Amino acid sequence: MEKRRELIKGFMDTIPLGISCSIYGLVYGVLGAKAGLSVMAVGAMSAFIFAGSSQIAVVQMIAQGGAAPFSVILTVLIMNLRHTLMSASLSSSLKKTPRRMKMLNAYFLTDESYAVTYAHFQKHEPSSMYFLGSGLNIYVFWGLAGVLGYFSGNVIPPALNPVFDFAFAAAFIGMLVPTVKDMPVLLSVLVSAVVSLLGSLYFPGKLYIIFAGITGSLAGYFASSMKKVEKEASQECKEVIEGE
Amino acid sequence: MNNEIILIIAGSAFVTYLTRFPFMLISGKKELPAKLVRFMSFIAPAVLTSLIIPCIFIRDNQLDFSLSNPYILAAVATVITAYFSKNMLASIIVGMGCVGLLTLL
């Protein structure tokens with residue numbers, strides 16, 4: 001009984017995020033229809049991949065054509081590496097949870113269910129059922145919205161295609177901008193911008209995404225290392241001066 | 001669905017799950033190396049940038065920095081909206097609205 005209550009609570013607490021996800025899911029479905037995918041493909045991606053930004057990237061790469069399956073899959077892998085951080089962060093709260101339940105929890109891990117569950121665990125007894133309920137909420141809202149969007153996508157006139165092509169970029173901009181909080185992230189973005197432009201002109205297929213992703217991340221990493229060294233150095237100076 | 005799409009979906013599903021479960025099973029006994037965590041924090045911004053920038057500036061396989069490219073103004077408006085609203089949906093609506101106004105009028 002206790003378990004079921006936690007499951008329902010997780011589901012209910014995630015409804016606001018489920019709704020915002022489903023609006024984004026509508027856009028995903030429309031884009032899938034515009035890219036010429038079948039409704040089966042659009043639904044199967046939500047059921048099996050279940051990662052919003054990756055699914056949109058996959059649709060975009062299919063729509064533009066010329067992307068080898070290997071480079072699409074590699075792009076998805078790189079985009080989802082952030083999930084390793086989230087799952088590591090939640091697993092420390094779920095020490096007593098059986099292995100099987102954790103495997104199930106992992107399948108339903110998203111940015112949204114992570115955010116809701118992490119916040120809940122700060123104030124309440126951590127429960128894997130709560131986490132599962134939260135994940136299931138996003139799964140249902142996201143899946144249904146994608147299929148619904150697909151059918152509305154088919155009735156949108158082709159004259160509006162440039163508008164929907166831009167929806168990809170706009171969605172990604174909406175995700176990117178709030179993450180740019182300091183100089184190292186900004187540098188990472190600038191390096192990735194230059195490399196991706198040059199790469200898309202001179203590299204075959206979609207390889208530029210991987211090149212830009214790695215060089216951009218390295219640039220940010222080294223910039224943040226330098227910042228750290230600077231901080232430590234100034235700290236040492238201070239200590240020396242105070243010591244005297 | 002053709003075979004290529006099935007391969008893409010199956011492969012993407014596999015690698016996505018691969019990013020989700022291994023660290024879930026490590027029950028907080030081992031922490032990830034701090035340097036790796038710091039490197040990984042830059043992956044999302046860098047990859048998102050590489051998905052956005054060519055989409056805006058490459059038209060017909062060529063760089064297009066001119067103002068006749070409607071995506072540039074629309075992108076500026078989207079960035080401003082995202083910065084102040086921190087809301088993805090608002091950003092999408094403003095961005096799409098701008099492209100609509102610039103191309104259809």
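Here the structure is a predicted model, which is why all the values come from computation and not from measurement. Here is the naming used below: chain letters follow the sequence lines, and residue numbers restart at 1 for every chain.
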Tell me which of these, [options], has more heavy-atom pairs under 4.5 Å with chain B than the rest.
| options | answer |
| --- | --- |
| A:Ala159, A:Ser93, A:Pro184 | A:Pro184 |
| A:Pro178, A:Ala193, A:Ala44 | A:Ala193 |
| A:Val180, A:Ile173, A:Thr97 | A:Ile173 |
| A:Ala47, A:Ala212, A:Ala170, A:Gly213 | A:Ala170 |
| A:Thr215, A:Ile62, A:Val76, A:Ile73 | A:Ile73 |
| A:Leu77, A:Asn105, A:Val72 | A:Leu77 |

Pick whichever of [options] has the most heavy-atom pairs under 4.5 Å with chain A.
| options | answer |
| --- | --- |
| B:Gly95, B:Ala13, B:Gly97, B:Ser85 | B:Ala13 |
| B:Ile93, B:Thr81, B:Leu63, B:Asn2 | B:Leu63 |
| B:Ile9, B:Ile6, B:Asn61 | B:Ile9 |
| B:Lys86, B:Arg38, B:Gln62 | B:Arg38 |
| B:Pro70, B:Ala75, B:Gly100 | B:Ala75 |
| B:Ser12, B:Ala10, B:Ala77 | B:Ser12 |

Interchain contact, [X] with chain B, by part (heavy-atom threshold 4.5 Å):
| X | answer |
| --- | --- |
| A:Phe131 | side chain |
| A:Phe211 | neither |
| A:Ser225 | both |
| A:Leu81 | both |

Looking at A:Ser134 and A:Tyr130, would you say the former's side chain and the latter's main chain have a donor-acceptor pair under 3.5 Å?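 Checked: no pair found.
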
I want to check something: taking the side chain as every heavy atom from C-beta on, are [X] and [Y] in contact at a cut-off of under 4.5 Å?
| X | Y | result |
| --- | --- | --- |
| A:Ser87 | B:Arg20 | no |
| A:Ser91 | B:Phe23 | no |
| A:Phe50 | B:Thr16 | no |
| A:Glu112 | A:Trp142 | no |
| A:Val195 | B:Ser50 | no |
| A:Leu218 | B:Phe39 | yes |
| A:Leu197 | A:Leu201 | no |
| A:Met79 | A:Ile209 | no |

Toward chain B: residues of residues 52-61 of chain A with heavy atoms under 4.5 Å: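 Hits under 4.5 Å: A:Ala57, A:Val58, A:Gln60.
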
Taking side chain as everything from C-beta outward and backbone as N, CA, C, O, which of these in [X] sits under 4.5 Å from a heavy atom of chain A? Side chain, backbone, both or neither.
| X | result |
| --- | --- |
| B:Ala90 | neither |
| B:Ile5 | side chain |
| B:Leu104 | side chain |
| B:Tyr17 | side chain |

Quick one, B:Ile8 with A:Met45, criterion side-chain contact (heavy atoms from CB on, under 4.5 Å). Give me CA distance, side-chain angles, the key distance, then yes/no. CA-CA 9 Å; B:Ile8 287 174; A:Met45 276 197 233; 6.0 Å; no

Nearest 0.5 Å please: distance from the [atom1] atom of [X] over to the [atom2] atom of [Y].
| X | Y | atom1 | atom2 | answer |
| --- | --- | --- | --- | --- |
| A:Leu74 | A:Ile78 | CG | CD1 | 4.5 Å |
| B:Ile72 | B:Ser66 | CD1 | OG | 6.0 Å |
| B:Thr78 | B:Leu73 | OG1 | CG | 10.5 Å |

Answer yes or no: does atom OH of A:Tyr202 have more than 12 heavy-atom neighbours from other residues, nucleotides or ligands under 6.0 Å?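 Not more than 12 within 6.0 Å, no.
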
A quick test of your reading: do over 12 heavy atoms of other residues, nucleotides or ligands sit less than 6.0 Å from CZ of A:Phe48?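 Incorrect, the count does not exceed 12.
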
Residues in ring pair (Phe, Tyr, Trp, His ring centres under 6.0 Å) with A:Phe141, at least two apart?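 Scan of A:Phe141 (ring pair (Phe, Tyr, Trp, His ring centres under 6.0 Å), adjacent residues dropped) gives none.
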
Centres of the A:Phe166 and B:Tyr71 rings: under 6.0 Å?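 Yes, close enough.
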
Which pairs of donor and acceptor atoms, one on a side chain in residues 33-43 of chain A, lie under 3.5 Å apart (sequence neighbours left out)?
residue: A:Lys34; atom: NZ; partner: A:Ile156; partner atom: O; Å: 2.9
residue: A:Lys34; atom: NZ; partner: A:Asn161; partner atom: OD1; Å: 3.1
residue: A:Ser38; atom: OG; partner: A:Ala41; partner atom: N; Å: 3.1

Which residues in residues 52-59 of chain B have any heavy atom lying under 4.5 Å from a heavy atom of chain A?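 Within residues 52-59 of chain B, near chain A: B:Ile52, B:Ile53, B:Pro54, B:Cys55, B:Ile56, B:Phe57, B:Ile58.
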
What class does the angle between the rings of A:Phe108 and A:Tyr139 fall in, given that below 30° is parallel, 30 to 60° is tilted and above 60° is perpendicular?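 Geometry flag for A:Tyr139 against A:Phe108: perpendicular rings.
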
